[in-house]
Amino acid sequence: MREELAKRYEPASFEERLYKKWEVEGYFTPVEDPERPKFSIVIPPPNVTGRLHIGHALVNTLQDIIVRWKRMSGFNTLWVPGTDHAGIATQMVVERNLASKGINRLEMGRDAFVEKVWEWKEQHSTEIKDQLTRLGASCDWTRERFTLDDRLSRAVRYVFVKLYEDGLIYRGIAMINWCPQCRTAISDVEVEFDEKQSKLWHIAYPVEGTDRRLTVATTRPETMLGDTAVAVHPDDARYKDLIGKFAILPIVNRRIPIIGDAELVDPEFGTGVVKVTPAHDKNDYETGKRHNLEQIQVIGEDGRMTAAAGAEFETLDRFEARNKVVERLRDDGFLVKIEDYVNNVGSHGKCGTIIEPMVSRQWFVKIEPLARPAIEAVRSGAVQIVPQSWEATYFNWMENIHDWTISRQLWWGHRIPAFHCPNGHTTVTMAEPTDCPQCGAPVEQETDVLDTWFSSGLWPFSTLGWPDETPDYKIFYPTDTLITGFDILFFWVARMIMFGLRFTGKAPFSQVFLNGLVRDEQGRKMSKTIGNVIDPLDVVNEVGADALRFTLAVSCSGRDIPLGKSRIQGYSAFVNKIWNASRFALMHIDVELKDAEPIERENLRTVERWILSRLNSTVAEVNKQLSVFRYDEASTALYKFFWHEFCDWYIEMAKPVLLGKHGTDGDRSLAKRVLLEVLDGSLRLLHPFMPFVTEEIWQKLGGVEPSIMIAPYPISEEVLEDPEAERLMTAVKAIITTVRNVRAERGFTPKDRFRLFISGVDARESAFFTDSAYLLIELARLTEVIVGGEPPAGTHKDVVEGVHIAVEFPEKEISPEQIERTRREIEKSRAELAGLDAKLANEQFLRNAPPQIVAGAQARQAELRERLEKLQQNQ
RNA sequence: AGUCCCCUAGCUCAGUUGGUUAGAGCGCCACCUUGACACGGUGGAGGUCAGCGGUUCGAGUCCGCUGGGGACUACCA
C-alpha cells in the first residue's frame, strides 16, 4: 500500500510548503536549453501603493495559467515580476500617511520625502510579492524589477535623450490639464469625465456706447473675471454689426472686444454669444491664439483665485469664487437667469479633484510619429488584441491622439534629464553635465519628473536589460503575450507598442489579452461603500488558492467577471471532489507512475477505452481553448470531464472490478492502471488552474519528474479516440439514466430491483451488453439483464440511443402524475416528429441541406417513431 | 455626439463559420447517510433565446429597426 492522502482537504496545510519548494528548486527560473522554444511574459507591474485586490488576483491567475501551461508544454518559460513606482498615486498615499502623523511634505524637503517613499516602497513590494506567492504565481523572483531601479532608469533616460534628439520630445507652453490638489500637470487619459448636474448661468455684458447687452451663458461664472473677449458667429444677423465693437465686462469693468469666430461659436446654441477666457478653457485658448487675445490667469495652481481676479476674490477657492461672482452679478443686475444643466466635468482619476485647464510650460511627446506604426502593427496582425472588439477602441483612440504631456510637478519619479543654465540653454544628454556646453555657465537639473507611464511603457524590454544587448534581452524579447485589464489599454498597452516599435524595432508582444473587470454577483463594481469587496487573501485563507483561481478562470470569458461567495463555494466543492476522488483512486492504485507499464489497448474493455477517449478529447479541448484565451471553456471542459465523466461514471463503473466483485485479476490490474493513467492526466491538465492541490496529490503518484509543474502537459493523440466505445457507453449511460428515471417516476425507491430486457441490437452489441450487464445491474440497480428476444408483456418499454429496453415492474397502480407525465412526453415527441416529417417532406430542404443533416433528421425520425410506439404501449 | 458591447432558466453566464431535442453553475423540489466525497449521490421542475421585420429549405446564431442596460472616446459655451 502506498501513502494515503489526508482524509480532509486542507489547503492551508500544504500550499505554502509547496510554493517554497518550487521556488527553492528553481522551477520558476528559465532553464539553459537552446533547444527549447522560449515563452516570455511580463507582469503588469502593480503599483507599490498598497495591497493587491481581486483584480490583481484575476490578472495574475490568468497569467500563471498560461505560464504554467507553456512551461509544462516544453517552453523555456520566463515570467518577469515587478512593481511600478506609480508617481502620483504613491506620492499621494505617502503624503497622506505623513499628514496623519502631522508631517508636511514641503517642510521635509524633496530628498527626505523621497527617502520616505522608498521606505514605503520596500515594505509594499515585499507585501505584494507575498500575495502573489499565496496565489501560486510562478514568476521568476530572481528577475524581479522595479520601474525606478538603476537599470530601468537608465533605459528611461536613454529613451528621453533619443526622443529629444529626434525632435519628438519638446518643451513648450500649452493648455494642459492641471490638478490643483496634486499640483501637477496630468495627461489627457488621466482625466475622467463624469456627467454632473450643474447650472447654466446667463450673464448680460453691456455693449460699450449703446444700451444693448449681450447675454452669454456659462457653466463656470468665476472664469468671467479672466474674460478677454466676447465672441459671436460672424454670419449671425443678430450680432454681426457688433463685431469690432467692445463690451464692458461686469464686475471688473474691463473693455473687451467683440469678435466674430465661426469655429468657437455655434449660433444655434444658447444665445449665440460666448464669453472667451483664453487662460482657463481649451477652446477659448485656441480662440485667443487666433485673435491675439490677452490671457489673464485668474485661477492659480492651488485652485485659488489670483490677484488678477481682483482684490474682492483673491485667495478664494475657485468654487467659493463662483458663488461670490454670481452673487455680485445678481446684485449688480447682470444675472439674467439660471438654468439647470447637465454637463461633463473632468476630474483627476487618481484623486477625484476637478481639473483646471491651465496654460503652462511642460514637456511633451510628439505622438503622431509614434502612433502611426503602432496602428499599423495592430492592423497588420503583428499585434493581436483579444477579444478583437477592443481593436476598434484602440484605433479610434490612436487615430485621434494628442501630444502626450509627460512632465509632472512631483518629487517621486524619474527626474527629467534636462539641464538648464541661467542663460536659457537646455542640455539633454546621457552624460551628466555640470556646465552648459553652449555658454559654460553652471547648469541645474529640471525639477519635474516623468509621467509614470513613460517608464512602464518600456517595461517589456527595460526589465530584460535593454538598452544593453543582454542575454535575457536576446533570448526573451520580444515577449509573447501580454495579459492585462482593458482599463489600461491607452495608459500602458498602446505606449508599450509605440515605444517598443520605435526603440527595438519590434512589437513588444504578439498577443494582448484584455481581461474584464471583476464585479460582484449582481454585476456591480466592487466598492468599499457598497461593501461588496472581496479580498483575495481572505478567500485564499478560507478555501485555498486553487478554488479562487479556478473560480476566476471559469468565470473569464473575455467580458466582465461576476464573482460572488456562492460561486467560489461552488468551485471549492470541485477542489474537494478532486481531493476525494484522488483519495479513492490512491486506495486502489498499486503501481508508481515511473514503474507503470504502457497500457496495452487491445486488452482494454470498452469502459476503459471510453474514459481514455474522453480524457483525450478533454486534452484536445483544453489545449485548444487555452491557446485562444478561453479560460472559461478550458476550465469548464475539465470540470465536466473530471466530475461528470470520471467521478460520476468511470469510478462508479470501475468499482465492481476494483472491489473484486466482477472480472478477473487481470481485469482488476488493468482497471488500476487505467485509473492511474486518468488521474495522472487529469492532474496534469488541471495543474495550471490548480497548482497546489494537483501537486500535493501528484506527489503520491510516484512520477518520474520531481514536480508536476515540470512534468509534460498532455497532448491529444489520435490513437486514443474511440468513437465506437463512446457510442456504446453513451447507450449504457442513457439506459441507466432511463431506468433510474422511470423507477423514480413510478414511485419505487432505489432499493427496489427489477429485471431489464434489451433487444433491437445486432450481434456485436448483443455481446457487448451481455458483457456489460454487470454495469447495468450495479448502476441501475437491477436483478438481471436479459439481452435478446422479446420482452414480456406488461413491461415498461422505451427506445434509448437506438436500443430497445423494457423494465419489468411489479404490479403497482400508476399515479395520475405519472399518467400525465407520460402523456406530456408523448405529446412532445409527437410534436417533434411532426416537425421532422414536414421538414423531410420539403424538397427544398432535401436539396439544399448538407447530406449529414438530412441523414441525421431521418435517423431521428425513425427513432422517434419507434419510441412513440413503445411509449404508447406503456399507457 | 461617435464607436463598441450586452439583453438566453429565479440569479450569474456559455452557446466559435446558421443545421437534429437551447446548455452549465448556483438556487429550488423529491428521494437517498450506497465502503472517496453530505463541499456527496439520484431524479425532477423551470426558457414563445428583449420586441418587430427581413434573408434562408432552416435563425438564439446573419441583416435592419425599436426598446432597455453598459463601456469607451470626444465634448457644446
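Just so you know, these numbers come straight off a predicted model, no measurement behind them. Proteins come first, then strands; the chains are lettered A, B, ... in the order of their sequence lines, and each starts at number 1.
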Tell me what A:P850 touches on the nucleic acid: a base, only sugar-phosphate, or nothing, going by heavy atoms under 4.0 Å. base
Could you check whether A:N848 gets within reach of a base, just the sugar-phosphate, or nothing at all, counting any heavy atom under 4.0 Å? base
Using a heavy-atom cut-off of 4.0 Å across all strands, would you classify A:N283 as base, sugar-phosphate, or nothing? sugar-phosphate
Using the side-chain heavy atoms of A:Y639, tell me which of these nucleotides is nearest: B:G43, B:G25, B:A14. B:G25
Just wondering, more than 12 heavy atoms not from A:Q852 lying within 6.0 Å of its CD? yes
Can you tell me how far P of B:C32 sits from CG of A:D648, to the nearest Å? 20 Å
Could you work out the separation of B:U55 and B:U61 based on their C1' atoms and round it to a whole Å? 14 Å
Ranking A:K661 and A:R630 by the position along RNA chain B of their nearest nucleotide, the one closer to 5' is A:R630
P atoms of B:U34 and B:G41, separation to the nearest Å: 14 Å
A:Q625 CD to B:A14 C1', in whole Å, measures 11 Å
Quick one, A:Y639 and A:H644 - any side-chain contact, counting heavy atoms below 4.5 Å? yes
Checking all strands, does A:R743 fall into the base, sugar-phosphate, or nothing category for heavy-atom contacts under 4.0 angstrom? nothing
Steps toward side-chain hydrogen bond (donor to acceptor under 3.5 Å, both in side chains) verdict (A:H233, A:D266): CA-CA 7 Å; A:H233 194 277; A:D266 171 7; over 6 Å; no
Base, sugar-phosphate, or nothing for A:L659, non-hydrogen atoms under 4.0 angstrom? nothing
Which part of the nucleic acid does A:T271 contact within heavy-atom distance under 4.0 Å: base, sugar-phosphate only, or nothing? nothing
Verify whether the ring centers belonging to A:F748 and A:F754 lie closer than 6.0 Å. yes
Scan nucleotides 37-39 of chain B against the protein and return all N/O pairs shorter than 3.5 Å with their distances rounded to 0.1 Å.
unit_1	atom_1	unit_2	atom_2	d
B:C37	O4'	A:N580	OD1	3.2
B:C37	O2'	A:N576	ND2	3.4
B:C37	O2'	A:N580	ND2	3.4
B:C37	O2	A:K577	NZ	3.0
B:C37	N3	A:K577	NZ	2.9
B:C39	O2'	A:N576	ND2	3.0
B:C39	O2	A:S572	O	3.3

How would you label the contact of A:H402 with the nucleic acid (heavy atoms, under 4.0 Å): base, sugar-phosphate, or nothing? nothing
Of A:A217 and A:K640, the one whose nearest nucleotide on RNA chain B sits closer to the 5' end is A:K640
In whole angstrom, what separates A:Q844's CD from B:A59's P? 14 Å
Considering only atom P, compute the distance from B:G58 to B:G18 and round it to an integer number of Å. 15 Å
Side chain of A:D632 only, please: which of B:U42, B:A14, B:C76 is the nearest? B:A14
Rounded P spacing from B:G15 to B:C62 in Å: 12 Å
Kindly determine whether A:H796 and A:R746 satisfy side-chain hydrogen bond (donor to acceptor under 3.5 Å, both in side chains), including the steps that lead there. CA-CA 10 Å; A:H796 177 98; A:R746 292 219 176 193; 3.0 Å; yes
Answer with base, sugar-phosphate or nothing: what part of the nucleic acid does A:L264 contact at a heavy-atom distance below 4.0 Å? base
Tell me, do A:S829 and A:L868 make a side-chain contact under 4.5 Å, heavy atoms counted? yes
Would you indicate which nucleotide in B:U12, B:G19, B:G43 comes nearest to any side-chain atom of A:P562? B:U12
Cation-pi between A:K655 and A:F584: NZ/CZ under 6.0 Å from ring centre and within 45° of the ring axis? yes
Distance check: side-chain N/O of A:T393 vs OP1/OP2 of B:C4, anything under 4.0 Å? no
Can you check whether A:F513 and A:Y631 have ring centres sitting under 6.0 Å from each other? yes
From CZ of A:R519 across to C1' of B:C5 the rounded distance in Å is 12 Å
Rounded to whole Å, the CD-C1' distance (A:E827 to B:U21) equals 16 Å
Heavy atoms only, 4.0 Å cut-off, all strands: where does A:F550 land among base, sugar-phosphate and nothing? nothing
Using side-chain heavy atoms (C-beta onward) and a distance below 4.5 Å, is A:V325 in contact with A:R322? no
Say we look at B:C49 and B:A22: how far apart would their P atoms be, to the nearest angstrom? 11 Å
Describe the nucleic acid contact of A:D284 in one word from base, sugar-phosphate, nothing, applying a heavy-atom distance below 4.0 Å. nothing
Whenever both distances are under 3.5 Å in a Watson-Crick or G-U wobble pair, mark it; put RNA chain B into dot-bracket that way, with [ ] for crossing pairs and | when the partner is on another strand. (((((((..((((.....[...)))).(((((.......))))).....(((((..]....))))))))))))....
Of all the nucleotides listed (B:C76, B:G43, B:C4), which has the minimum atom distance to the side chain of A:A744? B:G43
Measure from the side chain of A:S557, starting at C-beta and using heavy atoms only, and say which of B:C5, B:C75, B:C13 lies closest. B:C13
Categorize A:R567 for me: base, sugar-phosphate, or nothing, with a 4.0 angstrom heavy-atom threshold over every strand shown. base
Within the modelled atom types, does a donor on one side and an acceptor on the other bring the side chain of A:R860 and the base of B:U21 under 3.5 Å apart? yes
Is the shortest side-chain N/O distance from A:K282 to OP1 or OP2 of B:C75 below 4.0 Å? yes
Write down the distance between CG (A:N396) and P (B:C75), rounded to a whole number of angstrom. 12 Å
Looking at A:W404, does the NZ or CZ of A:R495 lie under 6.0 angstrom from its six-membered ring centre and within 45 degrees of the ring axis? yes
Interatomic distance where CD belongs to A:E843 and C1' belongs to B:G58 [whole Å]: 16 Å
Take atom CG of A:D188 and atom P of B:C72, then tell me their distance rounded to the nearest Å. 16 Å
Looking at A:F845, is A:K839 sitting on its ring face, NZ or CZ under 6.0 Å from the six-membered ring centre and within 45 degrees of the normal? yes
May I ask you to check whether over 12 heavy atoms, not counting those of A:Q197, lie within 6.0 Å of atom CD? yes
Assign A:V554 to base, sugar-phosphate, or nothing according to its heavy-atom contacts below 4.0 angstrom with the strands shown. nothing
Step-by-step side-chain hydrogen bond (donor to acceptor under 3.5 Å, both in side chains) determination, A:R630 to A:S557: CA-CA 6 Å; A:R630 285 305 299 262; A:S557 63; 5.2 Å; no
Work out how far the C1' atom of B:C6 is from that of B:G40, and round it to whole angstrom. 37 Å
Please state whether the phosphate of B:U42, meaning OP1 or OP2, lies under 4.0 angstrom from any side-chain nitrogen or oxygen of A:R781. no
Close side-chain approach of A:R743 and A:R781, heavy atoms under 4.5 Å: yes
Counting any heavy atom closer than 4.0 Å, what does A:N842 reach on the DNA or RNA strands: base, sugar-phosphate only, or nothing? sugar-phosphate
Nearest to side-chain heavy atoms of A:E633, which nucleotide of B:U20, B:A14, B:C57: B:A14
With no angle test and no hydrogens, is the base of B:C76 tied to the side chain of A:D266 by a donor-acceptor pair under 3.5 Å? no
Return the nearest nucleotide to the side chain of A:N344; candidates are B:C5, B:C75, B:A36. B:C75
